[in-house]
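A, B, ... follow the sequence lines: proteins, then strands. Residue 1 opens every chain. Just so it is clear, the values below take in all heavy atoms, side chains as well, and ignore hydrogens, waters and symmetry mates.
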Amino acid sequence: MREALPLMWRNIAERYNLIGTHCATCGSNYYPQRKVCPKCRRKGQLEGRVFPGKGVILSSSQVFVSPKGFEHETPYWLAVVELDNHAKLLTQVVDSADDQVKAGARVEVVFRKIYEDSHEGAIAYGYKFKVVPGGK
Amino acid sequence: MRSVSVIGVGQTKFGEHWNDSLRDLVTDAGVAAISDANVEGKDVQAVFGGCMAAGRFIGQEHIGALLADQMGLNPLPAVRVEAACASGGVALRMGYLAVASGMYDVVAVAGVEKMTDVSTEDAAVALAGAGDQEWELFNGATFPAIYALMAQRHMLDFGTTEEQMALCAVKNHGHAVSNPYAQFRKAVSLEQVMDSGYIASPLKLLDCSPLTDGAAALVLCASEKASKFTDKPVDVMASTQASDTLALHERETLTGLKATQVAGRDAFKQAGISQKDVDVLECHDCFSIAQIMALEDLGFCRKGTGGKFVEEGRSDKDGEIPTNLSGGLKAVGHPVGASGVREAIDVVRQLRGDAPKEVQLKDAKIGVSHNVGGSGATVVVHAFKRGF
Ligand SMILES: [Zn+2]
């Protein structure tokens, strides 16, 4: 359940610092972290690594009907972003003009509140991304 | 492995059943299928039930035993199968394997979901559990949003248009007009779909399947014994399944479902047929873009051409692969645990000649049903042929 506190704190390091998994055997990068490399399986040598906070939007969608906890920021942008090390993640895109949130746009990570849990008053933090205008 | 046949089908009307509980629905569907199969309760040896999220939707787990109990089938072994929106399809596959293996001669397969007892917001959270809870829903991703991300990239890469997606909904609604079990027996125009407002751009309200209560069931029998019960058996030619990452962003591509490609390829191989041999298709159109991708991923058209394929009428009743003549998830409704069974049932009806006359194909011999869980983490494909 999204409301559960352990779900928030268990992934804090991963979310706050964008730590993913690098497989030294095949060079693949995974986000979120994995315990097994799907390509190498038992031959995989996995290590945690801070991932680059920059990447490019592969696809984006503006969400008009949101789940609980996101009402106050609706509509908001979601995107699949490919980081510069080729790992991909799903993220909100904020602080960016609507017409700039599109495939091909350069983005960089920002640290933000994700949602506020009405039941326990807990606030979940994590990454969002913003468009770097004319960014490289 | 021995041959397996569908010998009976049944379902409730799909829609908002405020007066019926989950147990009412699944019992009605189960009894209808058993009666259609002309079997007695004592002939049935096991029950497989697909159900995605009864715990979230109605606070009830232990659905396997509940099914057997309510259908009056105790003390038969009963299993609940969960694979998100593919729960019904996987339940069918488990029933198939149980009979094909020789363990049982006759089994009942059901799928059910009761979705309208909770608010739309709570239903959305329950459904988002079909995706990746920690890395999609956490970030505000709804189920429509995940498919919208696929649609957006499909438009970018292949020039697919919002109108082409809308046409899937228009056509499916048109088919559902004659379907007595459909939630929406109402035609919609292209303008209505285009004006229905974004849920998650580019997907609009009428690109999305609805929240639905409903149940569907069928009876499987070893083909060698089917003639004891029916003179219209429909044989299972193939039953395949594939898995992929729960989260969309971890997949190789955003513009197709690899699990559909794999399960589809395996099904055609297992059945010994090619796409040209298929007379009728029920594919998993939880969103309009999903129908376009299914036609591509199952090999009925080339990757990227699905939008045009639909626009040109090639998936219409008189086209090369008549698709979702029932109305599809879009218009029949999508009780998530039931849809996989319902899709198979509508193929069986076409092969038996039992579809509504407005959509009944002449002489359909082979059909395929395609059932997707989540945004493509589970896909089940079945091929059927007329056994008489
Ligand atoms: Zn590796």
Whatever's closer than 4.5 Å to a heavy atom in chain B on A:Tyr31 counts as both
The side chain to side chain contact (heavy atoms under 4.5 Å, CB included) partners of B:Leu246 (sequence neighbours excluded) come to B:Asp132, B:Ala377
Counting heavy-atom pairs closer than 4.5 Å to chain B, which one of A:Thr74, A:Val63, A:Ile114 comes out on top? A:Ile114
With a 4.5 angstrom heavy-atom cut-off, is it the side chain or the backbone of A:Leu78 that approaches chain B, or both, or neither? both
Between B:Ile199 and chain A, which part of the residue has a heavy atom less than 4.5 Å away: side chain, backbone, both or neither? both
Is a side-chain donor or acceptor of A:Gln92 paired with a backbone partner of B:Asn139 at a separation under 3.5 angstrom? yes
Student check: side-chain heavy atoms of B:Phe138 and A:Asn11 closer than 4.5 Å: no
Against chain A, label B:Thr120 side chain, backbone, both or neither, depending on which of its atoms sit under 4.5 Å from a heavy atom there. neither
A:Lys68 side, atom NZ; B:Asp122 side, atom CG - distance, nearest 0.5 Å: 3.5 Å
Checking heavy-atom separations under 4.5 Å from chain B, one finds in residues 79-91 of chain A A:Ala79, A:Val80, A:Lys88, A:Leu89, A:Leu90
Spatial distance of atom OH (B:Tyr147) from atom OG (A:Ser61) [nearest 0.5 Å]: 14.0 Å
List in chain and number order the residues that pass side chain to side chain contact (heavy atoms under 4.5 Å, CB included) with A:Lys113, two or more places apart in sequence or in another chain; answer none if no residue qualifies. A:Glu116, A:Ile123, A:Tyr125
If we ignore hydrogens and angles and just use 3.5 Å, is the side chain of B:Ser201 paired with the main-chain N or O of A:Gln62 as donor and acceptor? yes
Side chain to side chain, A:Pro67 and B:Leu137, heavy atoms closer than 4.5 Å: yes
Per-residue contact mode, B:Leu205 against chain A (heavy atom under 4.5 angstrom): neither
Does any N or O in the side chain of A:Tyr30 come within less than 3.5 Å of the main-chain N or O of B:Glu250, such that one atom is a donor and the other an acceptor? no
Part of A:Arg34 within contact of chain B (heavy atom distance under 4.5 Å): side chain
State the CD-OG distance between B:Glu121 and A:Ser66, to the nearest 0.5 angstrom. 8.5 Å
B:Gln261: what forms a side chain to side chain contact (heavy atoms under 4.5 Å, CB included) with it, not counting sequence neighbours? B:Lys258, B:Asp297, B:Lys303
What part of B:Leu149 gets within 4.5 angstrom of chain A, counting heavy atoms only: side chain, backbone, both, or neither? both
CD (B:Gln152) and OG (A:Ser60) are apart, to the nearest 0.5 Å, by 5.0 Å
Heavy atoms from other residues, nucleotides or ligands near CD of A:Glu47 exceed 12 (cutoff 6.0 Å): yes
Between B:Ala141 and chain A, which part of the residue has a heavy atom less than 4.5 Å away: side chain, backbone, both or neither? both
Non-hydrogen side-chain atoms of B:Trp135 and A:Glu14 separated by less than 4.5 Å: yes
